[in-house]
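For the numbers below, each heavy atom of this structure counts, side chains included, while hydrogens, waters and symmetry mates do not. Everything numeric here is computed off the predicted structure, so don't read it as measured data. Order of the sequence lines fixes the chain letters, A, B, ..., with proteins taken first and strands second; residue numbering starts at 1 for each chain.
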There are 2 protein chains.
Amino acid sequence: MKPTIYDIAKKAGVSAATVSNVINERGRVGDKTRKKVLAIMDELQYRPNTAASVLKGKAAFTIGFFVPDMLNPVYMEYVKHAEERAQERGFSIMMCSTENDPVKERLQADVLRQKNVDGFIITSKFQNEELLREIEREQYPSVCIAHERPDFQFDSVSGNDWEAGIMAADYLFSLGHTNIAMIAEKDSVSSYGRIEGFKERFRKKEMKQPLIRYAEASIDQAKAMALNLLKQDDRPTAVFGGNDVLAVGIMQAARTLGLSIPEDISVIGLDDTFLCQIVSPQLTAIAMPVKKISYRAVDLLIEQIEKGGTLKSTDLFPPVVIERDSARKL
Amino acid sequence: MKPTIYDIAKKAGVSAATVSNVINERGRVGDKTRKKVLAIMDELQYRPNTAASVLKGKAAFTIGFFVPDMLNPVYMEYVKHAEERAQERGFSIMMCSTENDPVKERLQADVLRQKNVDGFIITSKFQNEELLREIEREQYPSVCIAHERPDFQFDSVSGNDWEAGIMAADYLFSLGHTNIAMIAEKDSVSSYGRIEGFKERFRKKEMKQPLIRYAEASIDQAKAMALNLLKQDDRPTAVFGGNDVLAVGIMQAARTLGLSIPEDISVIGLDDTFLCQIVSPQLTAIAMPVKKISYRAVDLLIEQIEKGGTLKSTDLFPPVVIERDSARKL
DNA sequence: TTGAAAGCGCTAACAC
DNA sequence: GTGTTAGCGCTTTCAA
């Protein structure tokens, strides 16, 4: 059997409480006693049983991470960095894909709470608002990542979507483009800001509004949309993909039509996932600081867990243009 | 406070034991009683506390998944499918990246055991053999995924690496190539089989052995290696990437040298991750049935958890050639 | 068919 | 400084 504090205690000739004290560095324990206990713990390869301490009300050191959408690698990048940071801080990540399905979200949220995860990281496409309200009401430690929820009291950490939209427009303007289209993601909270920022810039310049088409975050859907767009008489000279997956779809559509990038058409993406470096030509993109966002989200969540209570802080990281080879000066 | 079985019991006018019995569908409970209890559980939104039942010795319904290497998307695909299957079977996944670091492996394995995960899924690049021995000794439910460990008693589920190597060679031969090189992954158990299968075919045909170079699974390293390879006088007409990441590196090297694919040089990959569909031209690859492997691994692990004991089964799924546009007939 | 009671491994208040 | 004790929420044997 796996050793318990009692085994350690007996062998060290002390009580379980003392062992517990040395483990948690609490109370006053004599130096000799501590060393002895430590030595025996080591000898017996003792590992405290988290279930027991959780039952007593201590943290589980585990964070539930909802992944909405496996089609878009950006979520995996969020998870990956979150896990990295969580590990540094002594936490584990339970990954839960919900596939934009409110029923799955409910199911998994229930499971995670049963398993006593200390808090949630909620990604941008979370659907089940009723559940969100419930989590808010329970004051379950939670942070929204990659999007804001102004209607809720959650802390949020995200890239500035609105600004990203603006930057996309400005960047394309600076290259001399005026006939520009955008393919945006459907049903995503963060997509909205990206679109609005983008349009805003056209309004400000009193230019005719850009053509906007909607697609799910899949290469094929974006490709289909883009194919349609690029066959028009008055073909845009530049297309902005609301996220990298969409941009890759656009690139494939261009290629299918025999259009070369960036000679015949410029394409830019948004997020700056590793997709950008894999396609050819490499994709110019508005980069969201995914790693920073993940790290900050984990840190904020842990703060909530340790201190209790939300701060209703809204961290907004600025995006930045990463120039590569998919867009050119007109 | 969150309701406990006692709250349910009190409200239903029964004992906690009875509530437990209806939750677990155990023992004999009167039909009326059960319905009443169920109704109250629903009303109070009762969710059993996993920590308590784990403490009593029941399963945690959680699987620890070691991710060795975030650079290669194939591992994320394994995780993704494993999580999908686990969810179907009522399990959660705790994701743990170890970055090929034996120290991290040890740390995380300890953490996961403390947290009472029911078993491990171990990926191909796991380094810490001493730890593996320990896990084996403890008979901790575990399955090796995407590689075999003949020296250990673990169940394993993988694609047939050796056959994949053979298929790569045969496929390239069938296209008329004879001057072929391979860039293989360093320090990976599965890489070995791929290389040996590949070489075997040359031996059988009594051809001169292919040039083999080694690189970490990073695009840049593969690119550097490939650059070197493709500058030689007697440049190969085809290069086989030991995995998709490597193949993408090779493609980039070719492009850098102004070589067009597949006209000047054919490239094929192995694994068939989504990278293959994103690059252009799309990458012909030997596909490993990643999803099947993940599903089977989860199922096997759950079987171990439920039944106890390893079966020492070695599942080997056959690879298959997926023809796309990166290789041509000579 | 149901209930009483002990105990899983750990923590924390309190007593010594 | 160290030990005693009660109890976290649940399961399970045994008795009723």
Side-chain angles (χ1 to χ4, degrees), chain A residues 1-41 44-62 110-118 306, chain B residues 1-41 44-62 110-118 306:
Chain A
M1 267 317 284
K2 268 178 59 178
T4 72
I5 26 174
Y6 285 101
D7 299 317
I8 309 295
K10 197 191 288 176
K11 195 148 187 187
V14 298
S15 78
T18 300
V19 177
S20 175
N21 280 341
V22 346
I23 291 169
N24 298 291
E25 296 175 339
R26 222 174 20 78
R28 308 135 301 268
V29 180
D31 211 50
K32 255 190 207 156
T33 323
R34 179 178 31 258
K35 281 199 179 122
K36 186 162 184 189
V37 168
L38 253 13
I40 292 174
M41 278 172 37
L44 265 50
Q45 295 213 57
Y46 170 74
R47 280 187 304 269
N49 184 331
T50 308
S53 58
V54 165
L55 195 52
K56 274 303 268 183
K58 296 193 71 177
F61 296 100
T62 302
D110 285 350
V111 167
L112 290 178
R113 280 182 292 185
Q114 282 186 213
K115 293 187 178 169
N116 300 285
V117 303
D118 304 307
E306 286 173 348
Chain B
M1 267 317 284
K2 270 178 57 181
T4 71
I5 26 174
Y6 284 102
D7 300 317
I8 309 295
K10 197 192 289 176
K11 194 148 186 187
V14 298
S15 79
T18 300
V19 177
S20 175
N21 279 341
V22 347
I23 292 169
N24 297 293
E25 298 175 337
R26 218 175 21 77
R28 307 135 300 269
V29 180
D31 212 50
K32 255 191 206 155
T33 322
R34 179 179 30 260
K35 282 200 177 119
K36 187 163 185 190
V37 168
L38 252 13
I40 292 175
M41 279 174 33
L44 265 49
Q45 296 212 55
Y46 170 75
R47 281 188 302 271
N49 183 332
T50 308
S53 58
V54 166
L55 195 52
K56 276 305 268 184
K58 296 192 69 177
F61 296 100
T62 302
D110 284 351
V111 167
L112 291 177
R113 280 181 293 184
Q114 282 187 212
K115 293 186 178 170
N116 298 287
V117 304
D118 304 306
E306 286 172 348

Trainee: Is the backbone N or O of A/Phe61 less than 3.5 Å from a side-chain atom of B/Lys115, with the two atoms forming a donor-acceptor pair by type?
Mentor: yes
Trainee: Strictly under 4.0 angstrom, non-hydrogen atoms only: write out the protein contact profile of nucleotides 5-16 of chain D, one letter per nucleotide from the 5' end, B, S or -.
Mentor: --BBBBBB----
Trainee: For the helix from C/dT1-D/dA16 to C/dC16-D/dG1, figure out the bend between the end axes, five pairs an end, and round to 10 degrees.
Mentor: 40°
Trainee: Using a strict heavy-atom distance below 4.0 Å, which residues from residues 8-15 of chain B are in contact with DNA chain D?
Mentor: none
Trainee: Does any part of the side chain of A/Pro3, heavy atoms only, come nearer than 4.5 Å to the side chain of A/Gln45, both counted from C-beta?
Mentor: no
Trainee: Can you measure from CG (B/Leu55) to NZ (A/Lys56) and round to the nearest 0.5 angstrom?
Mentor: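 Taking CG in B/Leu55 and NZ in A/Lys56, the distance rounds to 11.5 Å.
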Trainee: Counting only heavy atoms not in A/Lys35 (residues, nucleotides, ligands), do more than 12 fall under 6.0 Å from its NZ?
Mentor: no
Trainee: With sequence neighbours excluded, what pairs up with B/Glu306 under the side chain to side chain contact (heavy atoms under 4.5 Å, CB included) test?
Mentor: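 Result, side chain to side chain contact (heavy atoms under 4.5 Å, CB included) vs B/Glu306: B/Arg89, B/Ile302.
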Trainee: Compare all side-chain heavy atoms of A/Leu38 with those of A/Val22 and state whether any distance is below 4.5 angstrom.
Mentor: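 In contact.
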Trainee: For the residue pair B/Arg113 and A/Lys2, what are the closest heavy atoms and their distance?
Mentor: O-NZ, 3.9 Å
Trainee: Before giving the answer on side chain to side chain contact (heavy atoms under 4.5 Å, CB included), spell out for A/Asn49 and A/Thr4 the whole-Å C-alpha distance, their side-chain angles and the decisive distance to 0.1 Å.
Mentor: CA-CA 8 Å; A/Asn49 184 331; A/Thr4 72; over 6 Å; no
Trainee: What range of DNA chain C does chain A touch, first nucleotide to last, counting atoms under 4.0 Å from its heavy atoms?
Mentor: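 The contact span of chain A on DNA chain C goes from C/dG9 to C/dA12.
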Trainee: Give the table of side-chain donor-acceptor pairs shorter than 3.5 Å for residues 8-20 of chain A, with sequence neighbours excluded, one pair per line with atom names and distance.
Mentor:
residue: A/Lys11; atom: NZ; partner: A/Glu43; partner atom: OE2; Å: 3.1
residue: A/Ser15; atom: OG; partner: A/Ala17; partner atom: N; Å: 3.3
residue: A/Ser15; atom: OG; partner: A/Thr18; partner atom: N; Å: 3.4
residue: A/Ser15; atom: OG; partner: A/Thr18; partner atom: OG1; Å: 3.4
residue: A/Ser20; atom: OG; partner: A/Asn24; partner atom: ND2; Å: 3.4

Trainee: For A/Asn116 and A/Ala60, work out which heavy atoms get closest and say how close.
Mentor: O-CB, 3.2 Å
Trainee: Just how far is it from atom CD1 of B/Ile5 to atom OH of B/Tyr46, taken to the nearest 0.5 Å?
Mentor: 5.5 Å
